[in-house]
Amino acid sequence: MYRHSRLAAILGCAATLAMVGCSTNGSMTPSSGTSAVSDGQRAFHGSWIHAGQVVYFTPKYMATRSAAHTVVPDTQFTYFGGPVLVTPKTYLILWGYKTYGDPDNVAKLLKAYLKVEGGSGHNNIYTQYYEVVGSKTTYITNPKKQDGGVWDDETDAVPQYPTDAQVATESLAGVKHFGYNANGSYIVATPNGRNSQGFGSQWCAYHSDTFSGNDLVSYTNLPYMPNAGANCGANFYNPAPKDETSTDEGVTIVEGHEYGESITDPNPGTGWYNFSYGEIGDICAWNGIANETFGKKSYTMQPMWSNANGGACVQTYQ
């Protein structure tokens with residue numbers, strides 16, 4: 001486990017993370033008075049947001065199908081000096097699923113998918129990307145077991161429309177439950193009928209990060225995808241036999257998108273980013289959707305950008 005020392009080595013006190021100050025002991029603490037911004041964040045126009053007791057970064061949204069664009073070839077994504085998840089692992093927080101219901105069996109699908117994505121050809125796409133700490137370059141790996149666990153959190157009521165701050169706070173509850181992993185992607189899955197405002201009409205999901213003490217936490221807001229219907233992937237493609245239904249195809253399309261971006265750009269705009277097209281999932285969103293094989297399973301996925309061979313949206317990488 002790398003914890004904060006790894007982030008400090010990568011980001012230092014040069015404010016590669018926007019709106020972050022440095023204390024006298026060298027640790028990073030969010031501060032609301034600084035203005036230094038890296039090139040990556042100039043591209044994204046992101047900043048740290050203080051909301052009560054929680055601090056989170058401007059969310060990076062996945063567009064709905066209606067906002068899909070044509071893929072531009074010969075594009076390259078640039079590394080902006082921030083952290084990546086070099087040994088990625090998912091932590092699934094099913095927030096209120098038992099209380100509010102799961103009529104489309106999204107929880108079952110998510111748990112099955114997260115168990116088999118590690119070691120896949122699809123997730124091997126990310127192994128071409130890396131981080132630099134001092135003079136050391138470390139490439140992202142694709143371990144077979146990337147499922148860090150599932151937590152059914154029924155402790156607190158889920159708001160009708162969870163705010164960004166409430167989702168960030170729930171991700172920190174996940175950190176408290178699972179423990180902190182600097183290479184972890186903490187997925188806050190909200191239940192049927194309890195989704196953040198803008199979901200389905202403006203966006204399908206987002207990832208961001210927050211702080212647990214001085215530790216940077218990468219998290220995803222994953223709404224109840226079937227509630228958005230076709231705009232977030234339902235009935236998009238002939239579903240994989242037995243492994244999912246047409247109604248919940250968006251679950252794996254969208255979570256796959258967010259996980260890949262969380263791995264390669266956990267603090268949006270400081271990892272692998274492009275000034276014109278955003279992150280490696282954004283440029284390929286809703287293009288080239290297909291049933292992708294994960295061991296003996298098959299799930300509907302979008303391709304992700306590969307810098308290799310001149311650049312392209314790909315479903316697998318060797």
Side-chain angles (χ1 to χ4, degrees), residues 7 10-11 14-22 28-64 67 77-85 159 161-172 174-175 182 184-188 190 195-212 214-223 232 254-255 257-283 285:
L7 295 173
I10 297 169
L11 300 170
T16 303
L17 291 177
M19 306 297 286
V20 175
C22 296
M28 295 185 301
T29 54
S31 171
S32 59
T34 60
S35 59
V37 183
S38 74
D39 287 341
Q41 277 138 355
R42 288 192 185 96
F44 174 42
H45 304 294
S47 63
W48 289 100
I49 299 170
H50 295 246
Q53 299 300 308
V54 69
V55 178
Y56 61 93
F57 199 72
T58 306
K60 188 66 178 66
Y61 297 94
M62 178 185 179
T64 60
F77 282 72
T78 303
Y79 175 59
F80 286 99
V84 299
L85 307 186
Y161 303 104
T163 65
D164 296 337
Q166 288 168 330
V167 174
T169 299
E170 181 64 13
S171 76
L172 294 177
V175 172
S185 174
Y186 294 82
I187 304 163
V188 178
T190 54
N195 306 302
S196 300
Q197 289 187 333
F199 165 65
S201 59
Q202 301 173 37
W203 53 271
C204 292
Y206 69 71
H207 75 100
S208 182
D209 51 355
T210 184
F211 277 88
S212 175
N214 284 327
D215 293 323
L216 193 70
V217 177
S218 176
Y219 71 93
T220 293
N221 180 354
L222 189 69
C232 289
V254 175
E255 169 50 26
H257 172 113
E258 294 300 335
Y259 188 40
E261 292 185 337
S262 296
I263 291 171
T264 56
D265 191 32
N267 179 228
T270 69
W272 290 89
Y273 197 83
N274 179 277
F275 280 75
S276 298
Y277 302 106
E279 297 174 312
I280 69 166
D282 296 326
I283 191 172

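What you see below is based on every heavy atom in this structure, not just the backbone, and it leaves out hydrogens, waters and symmetry mates.
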Item to complete: Answer yes if the ring centres of Tyr219 and Tyr186 are under 6.0 angstrom apart, and no otherwise.
Response: no
Item to complete: Apply ring-ring contact (aromatic ring centres under 6.0 Å, His included) to the pair Trp272 and Phe77, showing each step before the final yes or no.
Response: CA-CA 6 Å; Trp272 290 89; Phe77 282 72; 8.5 Å; no
Practice prompt. Rounded to the nearest 0.5 Å, what's the gap from OH on Tyr161 to CD on Gln166? Could you check?
Written response: 13.5 Å
Fill in: Residues Asp265 and Lys60 bridged, charged N to O under 4.0 Å
no
Worksheet item: If you measure from CZ on Phe57 to OG on Ser208, what distance do you get to the nearest 0.5 Å?
Response: 7.5 Å
Worksheet item: Rounded to the nearest 0.5 Å, how far does CH2 of Trp203 lie from SG of Cys232?
Response: 8.5 Å
Worksheet item: Atom OH of Tyr56 and atom OG1 of Thr210: how far apart are they, to the nearest 0.5 Å?
Response: 9.5 Å
Worksheet item: Of Thr190, Thr163, Asn221, which meets side-chain hydrogen bond (donor to acceptor under 3.5 Å, both in side chains) against Ser196?
Response: Asn221
Worksheet entry | Glu261 side chain near Asp282 side chain, heavy-atom distance below 4.5 Å | yes
Practice prompt. Describe, in one word, how the ring planes of Tyr273 and Phe80 are oriented to each other, choosing from parallel (under 30°), tilted (30 to 60°) and perpendicular (over 60°).
Written response: perpendicular
Worksheet item: Can you tell me if Glu279 and His207 form a side-chain donor-acceptor pair at under 3.5 Å?
Response: yes
Fill in: Inter-residue atom distance Ser47.OG - Ile49.CD1, 0.5 Å rounding
5.5 Å
Fill in: Listed partners of Asp164 passing salt bridge (charged side-chain N to carboxylate O under 4.0 Å, His left out), at least two apart
none
